[in-house]
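Predicted, not measured: the structure shown is a model, and the values here were computed from it.
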Amino acid sequence: MALLPIIIAPDPRLKIKTKPVDKVDAEVRQLMDDMLETMYAADGIGLAAPQVGDKRSVIVVDCARQGEEAQPIRMANPELIEVSDTDYSHEEGCLSLPEHFAEVVRPDGIRVRYLDENSELREIDADGILAVCIQHEMDHLEGILFVDHITALKRNLILRKLKKTKKQAAKAVG
Ligand code: NI
């Protein structure tokens, strides 16, 4: 297991479209495990491969509440096969946009097909926070960030602030 550096927006590596994996082999499984470790260390509930500089369609999520047993889900090539007619608005954050949050509206129920860590084809029905989280991570695989769902005014404000913070951090390192 290894902790991976998380890429902070704005960054072109967060705007790529990922490629599906042929199968989940030991190497992809390692990526999934490293991503989970990285996500837990950063106190996140989801992470997508582009956030750690990887171009494969892989996401991990764990939406267990505090005090509950961990519920890690590893997904390769996730695909939305059903979405509900009803929407759900939730305040989202992202490990690649630290300390910024915004309300995003998405379908509140989804069915997702994916390859699990054993390369088995699976389907999962999700609603509530798990549905939000999976859709947010799947967006990352298309180069979409949660700020792409809000107004350009709010998006630019957040991205400008992040850019400034990154510049200051670079200066501090020298
Ligand atoms: Ni994110």
Under 4.5 Å between any side-chain heavy atoms of [X] and [Y], yes or no?
X: K154; Y: L157; value: no
X: E137; Y: P78; value: no
X: R106; Y: E92; value: yes
X: V104; Y: H136; value: no

[X] versus [Y], closest heavy-atom pair with distance:
X: A64; Y: E69; answer: CB-O, 3.3 Å
X: P72; Y: Y40; answer: CB-OH, 3.5 Å
X: P50; Y: L14; answer: O-CD2, 3.9 Å
X: L115; Y: M32; answer: O-CE, 4.3 Å
X: N77; Y: P20; answer: OD1-CA, 3.1 Å
X: M35; Y: A49; answer: CE-N, 3.4 Å

Look at the side-chain heavy atoms of Ile, Leu, Val, Met, Phe, Trp and Tyr, link any pair under 4.5 Å apart, and say whether [X] and [Y] land in one connected group.
X: V21; Y: M75; answer: no
X: V28; Y: L36; answer: yes
X: L141; Y: I6; answer: no
X: I8; Y: V147; answer: yes
X: V60; Y: I110; answer: no

Where the side chain of [X] meets the backbone of [Y], is there a donor-acceptor pair that is under 3.5 Å apart?
X: E123; Y: R111; value: no
X: D54; Y: R56; value: yes
X: S96; Y: A9; value: no
X: D62; Y: Q71; value: yes

Scan L121, I59, I73 and name whichever one has a side chain to side chain contact (heavy atoms under 4.5 Å, CB included) with Y114. I73
Let me confirm one number: the [atom1]-[atom2] distance from [X] to [Y], rounded to the nearest 0.5 Å.
X: I129; Y: D108; atom1: CD1; atom2: CG; answer: 12.5 Å
X: L97; Y: R155; atom1: CG; atom2: CZ; answer: 11.5 Å
X: E79; Y: M138; atom1: CD; atom2: CE; answer: 7.5 Å
X: H100; Y: L145; atom1: NE2; atom2: CG; answer: 12.5 Å
X: Q135; Y: F146; atom1: CD; atom2: CZ; answer: 15.0 Å
X: T86; Y: D127; atom1: OG1; atom2: CG; answer: 9.5 Å

Can you establish whether the number of heavy atoms outside L153 located under 6.0 Å from its atom CG is more than 12? no
Surrounding CD of E99 (heavy atoms of other residues, nucleotides or ligands, distance under 6.0 Å), is the total greater than 12? no
Qualifying side chain to side chain donor-acceptor pair (under 3.5 Å) pairs with a residue from residues 14-38, counting only residues at least two apart or across chains: K15-D148, K17-E142, T18-S57, Q30-D34, D33-R74
